[in-house]
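Have a look at the structure below, then the notes.
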Amino acid sequence: MPLNLQGIQMKTFSVKELLSPDHLHQEVTVNGWVKTYRSNRFIALNDGSTINNIQCVVDFEEYDENLLKQINTGAALKISGTLVESQGKGQSVEIQVKEIKVHGGADPEVYPIQPKKHSLEFLREKAHLRVRTNTFAAIMRVRSALSFAVHQYFQKNGFFYVHTPIITGSDAEGAGEMFRVSTLDNKKPPLTEDGEIDYREDFFGKETNLTVSGQLEAETYAMGLGKVYTFGPTFRAENSNTSRHLAEFWMIEPEVAFNDLDANMDLAEDFIKEVINYALENCKEDLQFLEQRLLDEEKSKPQAERSEMPLIEKLKFVSDNTFKRVTYTEAIDILRNSKPNKKKQFKYLIDEWGADLQSEHERFLVEKHFKCPVILFDYPAKIKAFYMRLNEDGKTVRAMDILFPGIGEIVGGSQREERLDILLEKIKALGIDEKELWWYLDLRKFGTAVHSGFGLGFERLVLFATGMGNIRDVIPFPRTPQNAEF
């Protein structure tokens with residue numbers, strides 16, 4: 001409800017609304033948290049709606065000293081007054097304060113997010129408060145915009161949003177690194193005659209896990225709805241502490257019936273460009289802030305370790321360039337004959353066809369050789385998943401990966417194996433129990449057709465879009481080995 005102060009109707013605004021010139025000379029009310037309070041007169045207030053603060057000018061002689069003592073960094077305030085043109089530098093408008101209400105104080109002796117530089121490691125320990133810093137507020141606004149853009153793209157292009165299971169009895173990747181879901185007594189679980197845990201006694205009557213991917217289930221719906229996508233949490237129990245891995249993360253996985261690999265590559269390229277363009281158009285101030293933060297951070301690094309391009313230029317590099325399409329075989333030849341490989345500068349040297357490419361190889365192809373985003377396709381079957389369509393050569397599959405500057409692989413996808421006999425052969429060769437995938441095999445028995453899809457780890461996209469160096473800093477509460485705080 002508007003606040004009636006001295007007979008004047010005051011509407012509550014966001015800080016972002018007040019920083020436009022549309023409300024000059026109006027009586028306004030704003031809520032937010034104190035960023036700084038200086039000279040017993042100037043309050044910098046922010047409510048999370050924008051990277052910028054609104055300056056609120058207080059005539060301290062008009063207020064009780066005990067009230068003013070509560071105005072510290074982190075305190076939540078409600079401020080009412082007149083929006084006027086600013087007389088000082090650094091802002092175009094300011095509020096001449098008429099009334100202050102303290103929603104909640106923040107004792108400066110113990111409040112950890114003070115107006116000074118904090119390390120990212122320290123802020124991860126304060127993940128419940130780090131969004132109050134400019135850096136993390138900007139990251140999370142960009143993350144929100146990208147999330148909206150993902151749904152907007154698929155919805156306007158005729159895709160249906162499908163919620164695939166979080167709890168599953170199948171392992172889409174075949175990696176076996178999954179989190180088990182069970183209600184059995186972990187001290188005295190029921191055992192079979194062979195001494196194994198008897199999962200028939202478990203809640204679901206079988207061994208179940210948290211999903212690593214919604215792809216297989218999404219395929220079933222694509223084969224009835226035509227074009228579907230999932231966008232949900234996925235889980236991998238990899239004991240990895242790298243800056244690129246999380247145990248819990250979000251995956252975007254479209255699946256399209258009647259699409260071959262070429263159409264799949266077209267879709268992935270168009271999708272990524274539109275989502276990044278949305279961020280460029282709608283997150284300008286946050287991206288400018290994050291770009292400057294990255295430039296400042298890299299000043300202390302050797303030239304060789306600095307980013308090839310400023311953040312916004314890097315995003316435009318992706319959105320403005322046609323992605324180069326190269327077969328895995330061509331890429332191996334390029335890498336084998338490259339200067340870093342011949343001079344043994346690569347950590348993982350390329351000496352034969354069939355090698356699994358590392359991030360250093362992927363980045364070389366993008367940043368040094370082609371100087372544009374790259375889509376590699378037709379990978380060796382032995383390094384890819386069972387569900388990918390086998391090529392006529394019998395050695396490669398219709399797989400594709402999209403490679404970005406600074407990050408390497410950001411998308412992985414394929415044309416799916418739609419031929420029942422070949423899929424059965426692959427499952428048998430890998431020792432997968434076809435009874436576990438009876439429903440997946442049914443898709444090849446009843447109305448099978450060419451179909452394709454891909455997966456994009458959302459945090460990888462946010463990492464790229466924000467210029468951050470560690471994936472733990474682009475998700476609200478990171479889940480990693482030995483860390484499930486908050």
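All heavy atoms count here, side chains included; hydrogens, waters and symmetry mates do not.
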(request) Could you grab the distance from atom NZ of K368 to atom CD1 of I334, nearest 0.5 Å is fine? (result) 15.5 Å
(message) Between R389 and D260, does any side-chain N to carboxylate O distance fall below 4.0 Å?
(response) no
(message) Given 3.5 Å as the limit, does a donor-acceptor pair link the side chain of Q358 with the main chain of Y348, or not?
(response) no
(request) Determine the sole option in W250, F231, F464 for which the ring pair (Phe, Tyr, Trp, His ring centres under 6.0 Å) test with F458 is passed. (result) F231
(request) Would you check if there is a donor-acceptor pair between the side chains of N259 and R416 at a distance under 3.5 Å? (result) no
(message) Ignoring hydrogens and geometry beyond distance, is a side-chain donor-acceptor pair present between N209 and T168 at under 3.5 Å?
(response) no
(request) To the nearest 0.5 Å, tell me how far D286 CG sits from N134 CG. (result) 9.0 Å
(message) Can you confirm whether more than 12 heavy atoms, excluding those of K344, are under 6.0 Å from its NZ atom?
(response) no
(request) Mark yes when over 12 heavy atoms from residues, nucleotides or ligands other than K273 sit less than 6.0 Å from its NZ; otherwise mark no. (result) yes
(message) Using only atom types and a distance under 3.5 Å, with no angle test, would you say the side chain of N470 pairs donor to acceptor with the backbone of R472?
(response) yes
(message) Whether the side chain of K16 engages the backbone of T50 through a donor-acceptor N/O pair (distance < 3.5 Å, no angle test) should be reported.
(response) no
(message) Taking the basic N atoms (NZ, or NE/NH1/NH2) and the acidic carboxylate oxygens, is any pair closer than 4.0 Å for R180 and E207?
(response) yes
(message) Given L357, which partner from the list I383, L403, L376, D401 fulfils the side chain to side chain contact (heavy atoms under 4.5 Å, CB included) test?
(response) L376
(request) Count the heavy atoms belonging to other residues, nucleotides or ligands that lie under 6.0 Å from CZ of F477, then report whether that count exceeds 12. (result) yes
(request) Using a strict 4.0 Å threshold on nitrogen-to-oxygen distance, state whether E274 and K156 make a salt bridge. (result) yes
(request) Using a strict cut-off of less than 4.0 Å between a Lys/Arg side-chain nitrogen and an Asp/Glu carboxylate oxygen, indicate whether R398 and D378 qualify as a salt bridge. (result) yes
(request) Kindly state whether the ring of Y328 and the ring of F377 have centres lying under 6.0 angstrom apart. (result) no
(message) Less than 4.5 Å apart, side chain to side chain, heavy atoms only: is that true for Q155 and Y229?
(response) yes
(request) Determine whether more than 12 heavy atoms belonging to other residues, nucleotides or ligands lie under 6.0 Å from atom NZ of K324. (result) no
(message) Looking at K299 and D296, is any side-chain nitrogen of the basic one under 4.0 Å from a carboxylate oxygen of the acidic one?
(response) yes
(request) Compute whether any side-chain donor of one residue and acceptor of the other, for Q215 and E219, lie under 3.5 angstrom apart. (result) yes
(request) Return yes when atom CZ of F203 has more than 12 non-hydrogen atoms of other residues, nucleotides or ligands closer than 6.0 Å, and no otherwise. (result) no
(message) Can you tell me if Y221 has over 12 outside heavy atoms packed within less than 6.0 Å of its OH?
(response) no
(message) Is it true that S14 and D47 share a donor-acceptor pair across their side chains at a distance under 3.5 Å?
(response) no
(request) Salt-bridge test for K206 and E436: reply yes if a basic N is under 4.0 Å from a carboxylate O, no otherwise. (result) yes
(message) Distance check, rounded to the nearest 0.5 Å: F404 atom CZ versus R363 atom CZ?
(response) 13.5 Å
(request) Examine distances only and state if a side-chain atom of T230 and a backbone atom of V162 form a donor-acceptor pair shorter than 3.5 Å. (result) no
(message) When you compare the side chain of T164 with that of T211, does any pair of heavy atoms fall below 4.5 Å?
(response) no
(request) With sequence neighbours excluded, tell me which residues meet ring-ring contact (aromatic ring centres under 6.0 Å, His included) with Y440. (result) none
(request) Answer yes or no: does atom CD of Q91 have more than 12 heavy-atom neighbours from other residues, nucleotides or ligands under 6.0 Å? (result) yes
(message) Has E253 got a side-chain atom pairing as donor or acceptor with A218's backbone, closer than 3.5 angstrom?
(response) no
(message) So, taking the atom named OG1 in T327 and the one named CD1 in I332, what distance separates them when rounded to the nearest 0.5 Å?
(response) 10.0 Å
(message) Can you confirm whether T480 sits close enough to H245 that some side-chain heavy atom of one is under 4.5 Å from a side-chain heavy atom of the other?
(response) no
(request) Quick one: pull up CE in M400 and CG in N264 and give me the separation to the nearest 0.5 Å. (result) 4.0 Å
(message) Determine whether the aromatic ring centres of residues F204 and Y199 are separated by less than 6.0 angstrom.
(response) no
(request) Would you check if L18 and V30 make a side-chain contact, meaning some heavy-atom pair closer than 4.5 Å? (result) yes
